[in-house]
Amino acid sequence: MKKTNQVVMRINLRENTNEKSDQFGRLYPYIDRVNTITQRGLCDHIADGDTIFGREVIEGVVTLFSKNIFDYLAMGVAVQLDSIGIFYPTVVSREGGVANEEEAVRLGADDLVEGIHVRFLPDSTKLDNITSKKFKERCSLQLHMRQTITHKVVEGKEVTLYNYTPINQANDAQDDGD
């Protein structure tokens with residue numbers, strides 16, 4: 001079913017080039033993510049909408065909001081944003097772990113923990129479900145480009161070349177039986 005009145009999410013195709021894989025040569029979709037919106041860009045977008053607040057006020061609130069989320073995550077507290085999801089910290093452990101509690105105490109937390117990831121769990125409530133399959137229902141998807149990867153030696157160094165070819169979408173113009 002074709003969705004209308006929505007911004008299109010472009011989908012590219014990438015070929016599996018791992019010759020050892022039983023999926024070698026098969027095509028897999030990925031999102032054509034061409035941009036990242038900055039905080040200022042997002043604040044400008046909000047301010048240009050239906051609001052009485054200027055970008056400066058909006059950006060001030062977003063900056064405080066971001067700082068406070070960081071502070072809570074740094075304390076090990078998960079932060080839930082209604083209708084979006086939960087941000088939470090997880091540990092990247094020292095390789096191999098430790099044999100016992102005494103070794104853990106001797107090493108200390110700084111040596112046991114290699115890093116801290118910030119993870120995201122999308123909202124899955126019935127009202128605001130943005131888990132993968134439900135979020136897909138909100139998106140209008142369109143095939144865009146096929147990515148081909150080639151390797152070439154240039155001045156003695158192997159370089160990877162990414163080539164993009166538009167995908168023929170003549171079949172997309174067909175009616176859905178209406």
Check: Closest approach of A47 and R55, non-hydrogen atoms and distance?
Finding: CB-N, 3.7 Å
Notebook entry, point to check: For the residue pair S93 and E114, what are the closest heavy atoms and their distance?
Noted result: O-CG, 3.5 Å
Check: Could you go step by step and tell me if V98 and L112 meet the side chain to side chain contact (heavy atoms under 4.5 Å, CB included) rule?
Finding: CA-CA 8 Å; V98 291; L112 289 173; 3.2 Å; yes
Strictly distance-based, threshold 3.5 Å: is any side-chain N or O of [X] a donor or acceptor partner for the main-chain N or O of [Y]?
{"X": "T63", "Y": "E59", "answer": "yes"}
{"X": "N16", "Y": "R26", "answer": "no"}
{"X": "N35", "Y": "I37", "answer": "no"}

Indicate, with yes or no, if [Y] and [X] share a hydrophobic cluster defined by side-chain heavy-atom contacts under 4.5 Å among Ile, Leu, Val, Met, Phe, Trp and Tyr.
{"X": "M9", "Y": "L27", "answer": "yes"}
{"X": "L141", "Y": "I31", "answer": "yes"}
{"X": "Y30", "Y": "Y162", "answer": "yes"}
{"X": "L42", "Y": "V62", "answer": "yes"}

Item checked: Any pair counted as salt bridge (Lys or Arg N to Asp or Glu O under 4.0 Å), so long as it reaches residues 83-112, sequence neighbours left out -> none
Margin query: Run the side chain to side chain contact (heavy atoms under 4.5 Å, CB included) test on R14 and Y28 for me, step by step, so that the C-alpha distance in whole Å, both residues' side-chain angles and the decisive distance to 0.1 Å come before the verdict.
Written below: CA-CA 5 Å; R14 178 182 299 138; Y28 291 91; 5.5 Å; no
Could you tell me if the side chain of [Y] sits less than 4.5 Å from the side chain of [X], heavy atoms only?
{"X": "V118", "Y": "P89", "result": "no"}
{"X": "I167", "Y": "L13", "result": "yes"}
{"X": "I116", "Y": "V92", "result": "no"}
{"X": "I149", "Y": "T160", "result": "yes"}
{"X": "F120", "Y": "I84", "result": "yes"}
{"X": "I130", "Y": "R138", "result": "yes"}
{"X": "T150", "Y": "N163", "result": "yes"}
{"X": "L81", "Y": "F65", "result": "yes"}

Tell me whether the count of non-hydrogen atoms from other residues, nucleotides or ligands lying under 6.0 Å of [atom1] in [X] goes above 12.
{"X": "Y164", "atom1": "OH", "result": "yes"}
{"X": "E19", "atom1": "CD", "result": "no"}
{"X": "F135", "atom1": "CZ", "result": "no"}

Nearest-0.5 Å distance, [atom1] of residue [X] to [atom2] of residue [Y]:
{"X": "I69", "Y": "L64", "atom1": "CD1", "atom2": "CG", "value": "11.5 Å"}
{"X": "D123", "Y": "K134", "atom1": "CG", "atom2": "NZ", "value": "13.0 Å"}
{"X": "E137", "Y": "T131", "atom1": "CD", "atom2": "OG1", "value": "8.5 Å"}
{"X": "I86", "Y": "D82", "atom1": "CD1", "atom2": "CG", "value": "9.5 Å"}
{"X": "D48", "Y": "C43", "atom1": "CG", "atom2": "SG", "value": "11.0 Å"}

Notebook entry, point to check: Can you list the residues that meet the side chain to side chain contact (heavy atoms under 4.5 Å, CB included) rule with Y72, with sequence neighbours excluded?
Noted result: M75, V77, V79
Next item on the list: Take D44 and R40 through the salt bridge (charged side-chain N to carboxylate O under 4.0 Å, His left out) test and state the conclusion after the steps.
Entry: CA-CA 6 Å; D44 285 340; R40 171 169 266 173; 5.2 Å; no
